[in-house]
Asker: 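Input: one structure, supplied below.
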Amino acid sequence: MRIIKAPQELPWRFPPAVFLAGSIEMGKAVDWQTKMTNDLSDMHITILNPRRDDWDSSWEQKIENKQFREQVEWELAALQMAQVIVMYFDPNTMSPISLLELGLHASSGKLIVYCPEGFWRKGNVDIVCKKYKIKQVNSVEDLTAEVRKRLTP
């Protein structure tokens, strides 16, 4: 397994890639990305993890801010490169960027979504998933199992 975290350089060629989209809000969201990465460690895949080790919440969210722009551009490129996008909506978060990414990639055929009861926009997520025939699962473990199913020949 290869793990690439934002803002590390994205390679042009790599084994099948999984982008770990969804709740990241530091201090609110559980670090589900580490659990999933550990659970998939036996696979010959690339994990694209946007959870940036040196994230600073004081960065201005403006295009002129180099670190912020670098993060957003990295995520957009990684989402395009991935063969599978897993998305978890933690009920303790608002996750507006994850909702944006769900809309951007709804018709891609790449998404697997876990949106538990209690997420503030679960109804919206469920409707989008139904309309675009996006696979929904009931746990982080189910996300992992679905990744295995999609990437095992």
Side-chain angles (χ1 to χ4, degrees), residues 2-12 14 16-37 40 45-147 150-151:
R2 181 175 186 183
I3 302 167
I4 301 173
K5 294 181 90 174
Q8 294 173 334
E9 185 175 345
L10 294 167
W12 288 102
F14 47 78
V18 179
F19 185 91
L20 305 182
S23 301
I24 291 181
E25 295 169 47
M26 301 298 199
K28 293 182 182 178
V30 297
D31 184 1
W32 64 274
Q33 293 93 345
T34 296
K35 177 178 178 14
M36 177 168 279
T37 299
L40 295 171
I45 61 174
T46 298
I47 296 289
L48 303 171
N49 187 349
R51 189 181 276 264
R52 186 174 178 149
D53 292 330
D54 66 345
W55 178 255
D56 182 342
S57 61
S58 70
W59 289 340
E60 276 192 285
Q61 295 193 14
K62 293 184 174 183
I63 195 169
E64 297 84 10
N65 181 301
K66 181 183 179 224
Q67 292 93 350
F68 175 71
R69 187 178 66 247
E70 174 184 59
Q71 178 74 24
V72 173
E73 289 173 350
W74 185 94
E75 290 183 27
L76 290 170
L79 283 158
Q80 286 294 323
M81 296 172 105
Q83 283 73 39
V84 176
I85 301 169
V86 294
M87 192 167 283
Y88 166 52
F89 292 94
D90 188 318
N92 296 315
T93 67
M94 308 258 325
S95 301
I97 303 309
S98 300
L99 290 167
L100 172 68
E101 292 167 346
L102 174 65
L104 284 172
H105 295 279
S107 63
S108 70
K110 299 179 181 184
L111 285 163
I112 308 165
V113 172
Y114 171 38
C115 185
E117 293 296 329
F119 183 71
W120 75 297
R121 290 291 185 249
K122 179 172 175 41
N124 294 83
V125 172
D126 290 346
I127 291 167
V128 168
C129 288
K130 183 176 180 181
K131 175 163 180 60
Y132 291 96
K133 297 177 176 59
I134 297 167
K135 176 73 174 183
Q136 285 190 275
V137 298
N138 297 312
S139 68
V140 173
E141 293 77 17
D142 290 348
L143 280 175
T144 303
E146 188 64 25
V147 168
R150 288 206 189 174
L151 296 181

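Note: hydrogens, waters and symmetry copies are ignored here, and every other heavy atom, side chains too, is used.
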Asker: Roughly how far, to the nearest 0.5 Å, is the CD atom of Q83 from the OG atom of S108?
Answerer: 11.0 Å
Asker: Indicate the atoms forming the closest heavy-atom contact of Y114 with V137, along with that distance.
Answerer: CD1-O, 3.3 Å
Asker: Taking all non-hydrogen atoms of both residues, which atom of E101 and which atom of A21 are closest, and how far apart?
Answerer: OE1-CB, 3.9 Å
Asker: When you check the gap from the basic side-chain N to the acidic O, do K62 and E60 get nearer than 4.0 Å?
Answerer: yes
Asker: With side chain to side chain contact (heavy atoms under 4.5 Å, CB included) as the criterion, how do T144 and M36 come out once you've worked through the C-alpha distance, each side chain's angles and the decisive distance to 0.1 Å?
Answerer: CA-CA 6 Å; T144 303; M36 177 168 279; 3.4 Å; yes
Asker: Distance-only, no hydrogens or angles: does the S98 side chain make a donor-acceptor pair with backbone N or O of G22 under 3.5 Å?
Answerer: yes
Asker: Could you check if a side-chain atom of L99 sits within less than 4.5 angstrom of a side-chain atom of V128, using non-hydrogen atoms only?
Answerer: no
Asker: So how far is it from Q61 CD to Q71 CD, rounded to the nearest 0.5 Å?
Answerer: 10.0 Å
Asker: Would you compute the distance between atom CG of D53 and atom NZ of K5 and round it to the nearest 0.5 angstrom?
Answerer: 3.5 Å
Asker: Would you indicate whether the side-chain heavy atoms of L48 and V18 approach each other to under 4.5 Å?
Answerer: no
Asker: List the steps and the verdict of salt bridge (charged side-chain N to carboxylate O under 4.0 Å, His left out) for D126 and K130.
Answerer: CA-CA 6 Å; D126 290 346; K130 183 176 180 181; over 6 Å; no
Asker: Below 4.5 Å, heavy atoms only, C-beta onward: do L20 and R51 meet side chain to side chain?
Answerer: no
Asker: Over all heavy atoms of both residues, which pair between Y88 and V30 is shortest? Give the atoms and the distance, please.
Answerer: CE2-CG2, 4.0 Å
Asker: Is atom CZ of F68 surrounded by more than 12 heavy atoms (other residues, nucleotides or ligands) closer than 6.0 Å?
Answerer: yes
Asker: Report the distance from atom CG of N124 to atom CD1 of I127, rounding to the nearest 0.5 Å.
Answerer: 6.0 Å
Asker: What is the distance from atom SG of C115 to atom CD1 of I134, rounded to the nearest 0.5 Å?
Answerer: 11.5 Å
Asker: Could you tell me if the side chain of I85 sits less than 4.5 Å from the side chain of I112, heavy atoms only?
Answerer: no
Asker: Does L111 reach the side chain of K135, with side-chain heavy atoms less than 4.5 Å apart?
Answerer: no
Asker: Take a 6.0 Å sphere around CD1 of I63 and say whether it holds more than 12 heavy atoms from other residues, nucleotides or ligands.
Answerer: no
Asker: Within the 4.5 Å heavy-atom criterion, are N49 and F19 side-chain neighbours or not?
Answerer: no
Asker: Any side-chain heavy atom of D90 within less than 4.5 Å of one from F119?
Answerer: no
Asker: Go through it in stages, so that I can follow the logic: the residues are L104 and L79, the test is side chain to side chain contact (heavy atoms under 4.5 Å, CB included), and I'd like the CA-CA distance, side-chain angles, deciding distance and then a yes or no.
Answerer: CA-CA 10 Å; L104 284 172; L79 283 158; 5.8 Å; no
Asker: At their closest point, which heavy atom of Q67 faces which heavy atom of R52, and how far apart are they?
Answerer: O-NH1, 3.5 Å
Asker: Take H105 and Q80 through the test side chain to side chain contact (heavy atoms under 4.5 Å, CB included) and record every step on the way to the result.
Answerer: CA-CA 9 Å; H105 295 279; Q80 286 294 323; 3.6 Å; yes
Asker: Flag the pair I24 / P50 as yes when at least one side-chain heavy-atom distance between them is below 4.5 Å, and no otherwise.
Answerer: yes
Asker: For residues W32 and S23, report the shortest heavy-atom separation together with the two atoms involved.
Answerer: NE1-O, 3.0 Å
Asker: What closest approach, in Å, do M94 and W120 show between heavy atoms, and which atom pair accounts for it?
Answerer: O-NE1, 2.9 Å
Asker: Going by salt bridge (Lys or Arg N to Asp or Glu O under 4.0 Å), name the pairs with one or both residues in residues 138-147, residues two or more places apart or in two chains.
Answerer: K35-E141, E146-R150
